[in-house]
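I have placed the structure first, in the form of structure tokens, so that the comments after it can refer back to it.
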Amino acid sequence: MPITSELRDDGIRVITMSAPPVNALTVQGWFDVATALDEASADQATKVVVLRAEGKGFNAGVDIKEMQNTTGFDALIGANKGCFAAFKAVYECSVPVIAAVNGFCVGGGVGLVGNADIVVASDDAYFGVPEVKQGALGAATHMARMVPQQMMRALYFTAATISAVDLHRLGSVYRLAPRAELDAVALEVAAAIADKDTRVIRAAKEALNGIEPVDVNKSYRFEQGFTFELNLAGVSDELRDDFAGTDKAGKK
């Protein structure tokens, strides 16, 4: 299974994404992430969640090949709904979510990490939102939670990436670690939360969400509207075909 969830004896729940070769999640994969987090949220035995990944990198966003090898817009709509559900589940999880990022974290991966409560990363990790190259918009809401406004715009317009080292300097990555030690560091941070009274921690999570200056769900949904416009105009299929080596645009 690409998404697994394990509750440890100390109350730390470890949710792992494993979708080789690059953890680009299918429509179902995004909904499975949401389900795992919703189940963790509802389970009173869960004190904190570590969201991690196996393989080359943390997350490469949506599976564009799935989208281009299906007819019509069902896969696009599914991916948008699945991403929305997964990002929302991270943000609204009743307990803190620690994202343990290895390697690359791009596109939808930034949506997950930007909504997490704490980010730890391998010292070779990097983050980016290359959506403009595939004719889509999204996750600017979440990148804006990790970098200053003008930096977010520069990264967004250029489709450039930013290193975990730079994000650590900016304060959005809490801890850096060699890749081989990333899981241990994430569990160490999680343990510092798990030993607190979970009733207080759950109240604190709700309180912190309540004082957010931006409604992340509404903000991300606004972004998605422009993605649908670009798809209706035919722009997105042309750019995704270039990426995936398909010819969906030519078949219309």
Side-chain angles (χ1 to χ4, degrees), residues 1-6 8 10 12-25 29-30 32-33 36-37 40 48-63 83 86-87 89-91 93 95-131 139-140 142-148 151-152 154-156 158-194:
M1 290 180 62
I3 311 299
T4 59
S5 180
E6 177 190 3
R8 293 162 39 111
D10 55 6
I12 299 172
R13 182 175 293 275
V14 179
I15 297 175
T16 300
M17 298 177 288
S18 181
V22 294
N23 282 326
L25 298 182
W30 287 106
D32 289 345
V33 171
L37 283 154
V48 58
V49 170
V50 173
L51 179 63
R52 63 178 298 279
E54 290 287 348
K56 299 177 183 178
F58 181 78
N59 189 282
V62 302
D63 187 340
C83 285
F87 302 169
V90 172
Y91 185 75
C93 186
V95 298
V97 176
I98 300 169
V101 181
N102 59 303
F104 50 80
C105 177
V106 295
V110 170
L112 296 172
V113 172
N115 270 1
D117 297 281
I118 298 171
V119 183
V120 298
S122 60
D123 52 19
D124 64 346
Y126 60 92
F127 304 74
V129 186
E131 263 65 358
H142 312 93
M143 182 61 88
R145 295 164 64 79
M146 303 178 72
V147 299
M151 175 65 77
M152 180 275 289
L155 294 171
Y156 205 77
T158 63
T161 60
I162 185 169
S163 71
V165 173
D166 285 338
L167 289 181
H168 183 255
R169 178 176 54 82
L170 290 171
S172 47
V173 167
Y174 180 56
R175 293 274 300 274
L176 284 174
R179 188 181 289 217
E181 299 173 19
L182 177 62
D183 286 337
V185 169
L187 290 172
E188 178 185 327
V189 176
I193 297 171

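In terms of the side-chain hydrogen bond (donor to acceptor under 3.5 Å, both in side chains) criterion, Ser172 has no residue partners (sequence neighbours excluded). Residues passing the salt bridge (Lys or Arg N to Asp or Glu O under 4.0 Å) test with Arg52, sequence neighbours excluded: Glu54, Asp183. Under the salt bridge (Lys or Arg N to Asp or Glu O under 4.0 Å) criterion, Glu188 pairs with Arg175, not counting sequence neighbours. The side chain to side chain contact (heavy atoms under 4.5 Å, CB included) check on Ala190 picks up Ile12, Val48, Val50, Ile98, with sequence neighbours excluded. Looking at residues two or more places apart in sequence or on another chain, you find a side-chain hydrogen bond (donor to acceptor under 3.5 Å, both in side chains) between Arg8 and Asp10. Considering only residues two or more places apart in sequence or on other chains, Asp123 meets the salt bridge (Lys or Arg N to Asp or Glu O under 4.0 Å) condition with none of them.
Under the 4.5 Å side-chain criterion, counting only non-hydrogen atoms from C-beta, Leu112 is not in contact with Val97. Residues Ile162 and Tyr126 fail the side-chain proximity criterion, which asks for heavy atoms closer than 4.5 Å. Looking at Met151 and Leu155, their side chains come closer than 4.5 Å, going by heavy atoms from C-beta outward. Considering only heavy atoms from C-beta on, Cys83 comes within 4.5 Å of Val62 through its side chain. Side-chain contact check for Tyr174 versus His168: every heavy-atom pair is 4.5 Å or farther apart.
Panel note: side chain Asn102, backbone Gly55; a donor-acceptor pair is recorded below 3.5 Å.
For the atom pair CG (Asn115) and SG (Cys93), the distance works out to 11.5 Å, reported to the nearest 0.5 Å.
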